[in-house]
Amino acid sequence: MSAELLTVPQAMATLKISRWTLYNLIRSGEVTSILVGARCRRIPAEALDTYVTRLCEEALS
């Protein structure tokens with residue numbers, strides 16, 4: 001497996017957003033995440049790329 005999984009703090013730092021905002025994006029389905037075990041949430045780096053790409057495309061439309 002070569003997909004990079006980010007912790008919540010790493011994803012927050014990458015997008016420069018708060019924990020609250022990141023969890024809202026996850027709840028709304030705008031950013032994909034997975035649970036590892038019972039409580040460890042991880043965000044695929046590709047999910048952040050997809051989210052940012054979508055925002056850029058919307059900004060240009």
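In this chain, residues are counted from 1 in sequence order.
- Contact record, Leu6 with Ala45: CD1-CA, 4.2 Å, taken as the closest heavy-atom pair.
- Put simply, CZ on Arg42 and CG on Leu35 are 10.0 Å apart, with the number rounded to the nearest 0.5 Å.
- Within a 6.0 Å radius of CD in Glu30, more than 12 heavy atoms belonging to other residues, nucleotides or ligands are found.
- With rounding to the nearest 0.5 Å, the separation of OG1 in Thr21 from NZ in Lys16 is 14.5 Å.
- Follow the hydrophobic side-chain contacts under 4.5 Å out from Ile34 and you never reach Val31; the two are in separate clusters.
- A pairwise comparison of heavy atoms in Gln10 and Leu5 identifies OE1-O, 4.2 Å as the closest pair.
- The structure places OG of Ser28 at 14.0 Å from OH of Tyr23, a figure rounded to the nearest 0.5 Å.
- When all heavy atoms are compared, the tightest approach of Ile43 to Ser33 is CG1-CB, 4.0 Å.
- Atoms CG and CG, from Leu22 and Leu48 in turn, are 7.5 Å apart once rounded to the nearest 0.5 Å.
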